[in-house]
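For reference, the structure is listed below as structure tokens.
Computed from a predicted model, the values in this text were never measured in an experiment. One-based numbering, in listed order, for ligands and for the atoms of each.
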Amino acid sequence: MKKEFAVIGLGRFGSSIIKELRELNVNVLAIDKDEAVINDYKDMVTEAVIGNTMDENVLKSVGITNFDHVIVAIGENLQASILTTLILKDLGVEKVTVKAQNDYHGRVLEKIGADAVIHPERDIGRLLAHRLVSAHTLDILEISDDHSIVEFKAIDDFTDKTLEQLDFRNEFGVSVLAIKRHEHIIVSPDANTKIIEDDILILIASDQDLSKFEIVMGDH
Ligand code: ATP
């Protein structure tokens, strides 16, 4: 059975989610308090409703508890984002994902029961900073406050060297979790694995060690 999604708030973020969900061919309910916004997107979704989700009755009237996953993409109005999340969890919606405006907002959302809190602006800012330091950094996934996983495109100097020769762990405190080679992935590569051109290394380390690695390798 298809999963049912509801997206609340169709700003830039919410509207890009509904566009992607449409591509994936899933049922989507969109809610926004602004009629003009709903008119812009109503043809892209299964159902579009004008309503203020700070009002519990609006959420009840659309049968919000029947949805597997609700995404709250209200950004600037913190009160609306927090209250909407609180009502959704009080009504018993199983999975609520909320876009946070900043760290404090994110912490409040976690405390009131949001199942997932996302920080798109912060994450993009982080990735951009890493890419400015090293054009070889392709993506970054924060796994704790001070550790991350990074996708790093191998530089020419790595070619034909084994992981033992490169010795990232001893030199930088950086471990190679996997190597993406064209269509396949080498998981937990051993010390004898040789890097070839166009390999993408999946690295894990503390943010401090990763920064050092990116700065040194960024010079190549
Ligand atoms: P983005 O960066 O994604 O454009 P934003 O951070 O600027 O978004 P807002 O503009 O505050 O976020 O909100 C996004 C959408 O949420 C707007 O279209 C707005 O009408 C809608 N919205 C705000 N408050 C409510 C509410 N209480 N109920 C329903 N929709 C709301």
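- With respect to the salt-bridge test (charged N to carboxylate O, under 4.0 angstrom), the residues K153 and D198 qualify.
- Every atom of ligand 1 with a heavy atom of N77 under 4.0 Å away is listed here by number and element: 11 (O).
- At under 3.5 Å, a nitrogen or oxygen of R12, whether backbone or side chain, sits near a nitrogen or oxygen of ligand 1.
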### Task
Report the C-alpha separation of V45 and R22 in whole Å, then their side-chain angles, then the decisive distance to 0.1 Å, and conclude whether the side-chain contact (heavy atoms from CB on, under 4.5 Å) test is met.
CA-CA 7 Å; V45 292; R22 185 170 87 139; over 6 Å; no

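- Relative to atom 8 (O) of ligand 1, the option among K99, Q79, E76 with the closest non-hydrogen atom is K99.
- Closest heavy-atom contact between I112 and I82: CD1-O, 3.4 Å.
- Among all protein heavy atoms, the one lying closest to atom 26 (C) of ligand 1 is N52 OD1, 3.6 Å.
- Remark: ligand 1 and I31 share no N or O pair separated by less than 3.5 Å (distance only, no angle test).
- Under a 4.0 Å criterion applied to the non-hydrogen atoms of G51, ligand 1 contributes the atoms 28 (N), 29 (C).
- Within a 4.0 Å radius of atom 10 (O) of ligand 1, the protein contributes no heavy atom.
- Short contacts between ligand 1 and G9, defined as distances under 4.0 Å to a heavy atom of the residue, involve ligand atoms 15 (C), 16 (O), 21 (C).
- With ligand atoms numbered from 1 in the order given, ligand 1 contributes 24 (N), 27 (N) to contacts under 4.0 Å with heavy atoms of A80.
- Under the 4.0 Å criterion applied to side-chain N and carboxylate O atoms, D123 and R126 are not assigned as salt-bridge partners.
- Within a 6.0 Å radius of CD in E164, other residues, nucleotides and ligands contribute 12 heavy atoms or fewer.
- Counting only N and O atoms by type, the side chains of S148 and D207 include a donor and acceptor under 3.5 Å apart.
- Around the CZ atom of R181, the shell of radius 6.0 Å holds more than 12 heavy atoms that belong to other residues, nucleotides or ligands.
- Shortest contact from atom 12 (O) of ligand 1 to any protein heavy atom: G75 N, 3.2 Å.
- When only interatomic distances are considered, the shortest N/O to N/O separation between F13 and ligand 1 falls below 3.5 Å.
- More than 12 heavy atoms of other residues, nucleotides or ligands sit less than 6.0 Å from atom NZ of K89.
- Here the protein heavy atom with the shortest distance to atom 14 (C) of ligand 1 is G11 N, 3.7 Å.
- Looking only at heavy atoms of the protein, atom 24 (N) of ligand 1 is closest to K33 CE, 3.3 Å.
- With hydrogens left out, the protein atom closest to atom 20 (O) of ligand 1 is D32 OD1, 2.6 Å, a heavy atom.
- T159 contributes a side-chain N or O that, together with a main-chain N or O of D156, makes up a donor-acceptor pair within less than 3.5 Å.
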